[in-house]
Each structure stands twice: as C-alpha cells, then as structure tokens.
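A short write-up of the structure that comes next.
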2 protein chains.
Amino acid sequence: MGRWQPGARERLERAALELFLERGFTETTVPQITARAGLTTRTFFRYFADKREVLFTGEELVPERVAHLMAQAPPSLGPMELITEILTSSAAEILERRDLDYVLRRRAAIDAEPALRERELRKFSLLSEALEQGFRDRGVDDLTARLAAEVAVSTFRTAVTRWLDQHGDPDLPAMINQTLSAMRRLTSTPSA
Amino acid sequence: MGRWQPGARERLERAALELFLERGFTETTVPQITARAGLTTRTFFRYFADKREVLFTGEELVPERVAHLMAQAPPSLGPMELITEILTSSAAEILERRDLDYVLRRRAAIDAEPALRERELRKFSLLSEALEQGFRDRGVDDLTARLAAEVAVSTFRTAVTRWLDQHGDPDLPAMINQTLSAMRRLTSTPSA
DNA sequence: CATAGTGATGACATGTCGTGTCATCACTAT
DNA sequence: ATAGTGATGACACGACATGTCATCACTATG
C-alpha cells in the first residue's frame with residue numbers, strides 16, 4: 001500500500017458526525033471533513049459514494065442477515081409469528097456494532113437534515129424488500145408477503161424510534177413487544 | 001411581467017419526463033430540459049427546488065387534503081374504519097389531475113432511478129405524518145396513531161403499486177378493498 | 001400618452017459535489 | 001534487488017444549485 005491511514009474510514013465517520021452536529025450537514029463541506037480526518041477529498045469518495053453515506057456504513061449488510069434469519073426459522077411459523085421472531089432477535093443485535101451514545105448522536109444528525117432522513121427511508125425500503133423476498137421464499141403469496149414486510153418494518157421502525165426517544169430506557173425487546181401488542185389491538189378493530 | 005412563457009411549468013415537466021424516459025435521469029442535464037422547453041437553466045430552478053422535483057409537483061398538497069378528510073369524518077369511526085374511508089375516497093381522486101398514461105410513464109421513470117425512488121419514499125413519509133396527526137386529533141393515543149398511519153400508508157402504497165402493475169385493470173377502489181382484506185387476514189393470524 | 005411599478009426571465013458568477021485519470025508512495029512476494 | 005499491489009494525493013472537469021443584477025413585457029395611474 002501507499003501511505004495507508006489506519007482506521008481511515010472510522011476517522012472519516014467520526015469527523016463527519018462531529019461536524020454535522022456542530023454546524024449542520026449542508027454547512028459542512030467534504031474538504032472540512034477530510035481535513036479533520038487528515039485525508040483528501042478524493043479519498044472521502046473512495047470510501048463513501050456520497051456525502052450522506054458516511055452515516056450509513058454497514059447498513060447494507062442488514063438485508064442479507066434478515067434473509068438468513070428467515071431461512072433458518074422453523075417452516076411451521078406463520079407470517080406474524082415470524083415477524084415477532086425476527087424483530088426480537090434483530091433487536092438484540094442493534095447495539096452490537098455501535099454504542100447507544102453513537103446511535104443517539106447519529107440520529108440527532110439525521111433528524112436535523114431532510115436529505116439524511118430520506119436516505120434513512122431508503123434503508124428501511126431495502127429491508128422491506130428483503131423481508132418480502134423472505135416471506136415469498138417460505139411460500140407466502142405475493143400480496144401477503146408484501147404486506148407482512150410492510151407490517152414488520154412499520155413495527156420495527158416505530159419501536160426503535162420510541163426507544164431512542166426515551167434514550168433507550170425500556171430496552172428495545174420490551175419496546176418491540178409493546179409495539180407489536182398495539183399493532184394487534186389496532187388491526188383487530190372493526191374495519192368497515 | 002417580462003417575456004412570460006405560458007405554461008412554463010407544464011412544459012418543463014413534459015420535457016423532463018420525455019428526456020428521463022429517453023436517456024435516463026442521470027444522463028439528462030438540466031440545460032437539456034430547459035432547451036427543450038425553451039427556457040434557461042436558472043428558470044428551471046425557480047420552478048423546482050432540484051432536478052427531481054420536476055416529477056413531484058402538486059404532491060405537497062396531499063397531506064393537507066388528507067387532514068381535511070380526517071377532520072370531516074364522523075367521530076364515531078375507529079382507526080381501521082377511518083383508514084378504509086380515507087383510502088377509498090382518496091382512490092377516487094387519484095386520476096383527477098393526471099391521466100393513467102401520464103401516471104404510468106412517470107412511474108416508469110421513477111422506478112428506473114434510485115434517487116427518484118427515494119424522493120417517492122419521502123412523499124409517503126409526509127403523508128404518513130399527516131395521517132398520524134389526524135389520528136391524534138381524533139383522540140387516538142400516540143402509539144396507535146403512529147401505527148395506524150403506517151398501516152394506512154402501507155395498504156395504500158401496496159394497492160397503488162399493484163394497480164399500476166396491472167395497468168389500472170381492476171380499478172383502484174377494488175384493489176384497495178382487496179389489499180385491506182389481505183391485511184386483515186394477515187394480522188388476524190396468531191402472532192406468537 | 002407618458003411613466004413608474006411589478007413580476008418573470010436571462011445572463012453571469014460562484015461554490016460544492018462527485019468522478020476520471022494518473023502519479024506516487026509504502027509494503028509484499030519472489 | 002525488483003516487480004507487483006493497493007491506498008492515497010494531485011489535478012481537471014462536468015453537473016448541480018444559488019446569489020445577484022439587468023432586462024423585458026405588461027399594468028396601473030396620472
């Protein structure tokens with residue numbers, strides 16, 4: 001290699017998050033990020049496809065992990081049972097890679113910037129597609145598979161949001177169970 | 001006014017959609033769009049905040065229409081009943097502004113470009129927030145309001161997608177009823 | 001009919017993003 | 001030693017997006 005910088009990617013992520021929180025996403029230029037990380041602008045775009053991606057590394061692995069989880073689940077499980085399984089086991093893994101403080105700071109930055117919120121929506125959309133495919137692979141019909149994926153993502157996103165709103169106070173599995181219960185109550189209501 | 005161009009906005013929309021379908025979103029430059037519309041680049045950005053917005057005009061009105069619908073509905077309706085009401089009456093209005101051919105061409109352009117799909121997700125996110133607020137205004141608790149909004153958007157988006165997949169064959173109200181039925185069947189399944 | 005005001009557009013400059021290309025440097029294998 | 005490999009720096013460049021000012025057509029008012 002040439003002048004390789006140990007942990008270059010991590011330094012870029014940290015510098016970017018700091019600057020986004022200090023002066024905002026739009027007001028932060030890529031040269032400012034790379035200056036703080038001790039690299040050049042060109043190198044930033046070798047690690048990240050665009051400025052927003054610096055807050056979304058590793059997220060692209062989630063869909064395949066979900067696919068793996070679904071393939072391993074007992075075939076007897078119905079869609080809603082499987083959703084419950086997946087969400088509770090996914091919840092356990094959320095703090096494996098990052099600590100709560102990082103997650104909260106990252107979310108503050110994302111919430112403050114529409115462009116980042118939009119990128120976050122794409123993340124959930126990709127997750128939804130993986131779930132849908134997983135359901136179809138288990139023999140669920142297309143329409144039900146699509147809806148089950150939507151329900152799973154809706155429940156997960158809602159639970160995580162509320163969990164972060166409360167600074168992780170009740171733990172995430174508890175929050176997911178609570179959200180699933182509310183979803184059951186809602187949909188068991190008369191609908192027409 | 002100065003050299004005003006009648007229907008400038010509409011001409012820009014048409015020119016953009018044509019070019020996006022001819023050579024793709026990324027390959028189309030703003031000067032190419034404005035040249036076809038007989039205007040300058042600067043004028044394009046007076047009508048649209050960015051290149052993507054040229055395919056999303058008028059969408060910003062949807063949330064307030066939904067809010068109005070929800071406020072007018074009989075207070076006795078439960079969340080799922082209200083969802084059914086809103087979706088069926090929204091379905092009727094979808095072809096008021098644009099014809100099916102335009103809607104299909106527009107969707108083809110959006111599907112072909114990740115950046116446009118992302119913008120589409122934001123549209124639904126804004127709709128979801130309006131629905132959530134509408135439910136809260138009717139006295140629904142926060143968690144249920146959020147979930148009801150998610151369920152409504154999921155059902156609507158799924159129905160519209162399938163409707164367009166079939167070139168509008170069964171009409172949209174029928175597709176919505178079918179999707180709502182599938183959602184009821186799914187969520188009435190045992191969940192743990 | 002003259003004149004001032006108004007609103008849309010054109011023209012120009014500029015900053016940032018994102019990419020292509022090539023040189024360079026450190027490290028590795030043989 | 002020497003050639004190969006992979007990360008980085010340096011530079012150029014096109015596209016996007018915005019600020020600013022001039023200009024033109026149209027309108028209102030006297």
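The sequence lines fix the lettering, A, B, ..., with proteins before strands; numbering per chain opens at 1. Remember, it's a predicted structure, so these values are computed and weren't measured experimentally.
- Other residues, nucleotides and ligands contribute more than 12 heavy atoms inside 6.0 Å of the CZ atom of Arg98(A).
- When the side-chain nitrogen and oxygen atoms of Tyr47(A) are compared with OP1 and OP2 of dT8(D), one or more of them lie within a distance under 4.0 Å.
- Judged purely by atom type and a 3.5 angstrom limit, Glu59(A) has no side-chain atom pairing as donor or acceptor with the backbone of Thr57(A).
- No side-chain donor-acceptor contact under 3.5 Å links Glu129(A) to the backbone of Leu126(A).
- As a whole-Å value, the separation of Leu12(A) CG from dG18(C) P is 14 Å.
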Can you tabulate the close N/O pairs, meaning under 3.5 Å, that link protein atoms to atoms of nucleotides 14-18 of chain D?
from    : atom 1 : to       : atom 2 : distance (Å)
dC16(D) : OP1    : Lys51(B) : NZ     : 2.9
dC16(D) : OP2    : Val30(B) : N      : 3.2
dA17(D) : OP2    : Lys51(B) : N      : 3.0
dT18(D) : OP2    : Ala49(B) : O      : 3.3

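- The cationic atom of Lys51(A) (NZ for Lys, CZ for Arg) lies less than 6.0 Å from the six-membered ring centre of Phe25(A) and within 45° of the ring axis.
- When rounded to the nearest whole Å, the span between CD of Gln5(A) and C1' of dG6(D) equals 14 Å.
- Nucleotide dT28(C) has dA3(D) as its partner under the Watson-Crick or G-U criteria, with both atom distances under 3.5 Å.
- Residue Trp4(B) has a polar side-chain atom (N or O) positioned under 4.0 Å from OP1 or OP2 of dT9(C).
- Judged by distance alone, with hydrogens and angles left aside, Arg46(A) brings no side-chain donor or acceptor close enough to the base of dG18(C) to form a pair under 3.5 Å.
- Looking only at distances, no side-chain donor or acceptor of Arg122(B) sits under 3.5 Å from a matching main-chain atom of Glu118(A).
- Relative to the ring axis of Tyr47(B), Arg9(B) does not place its NZ or CZ within 45° and under 6.0 Å from the centre.
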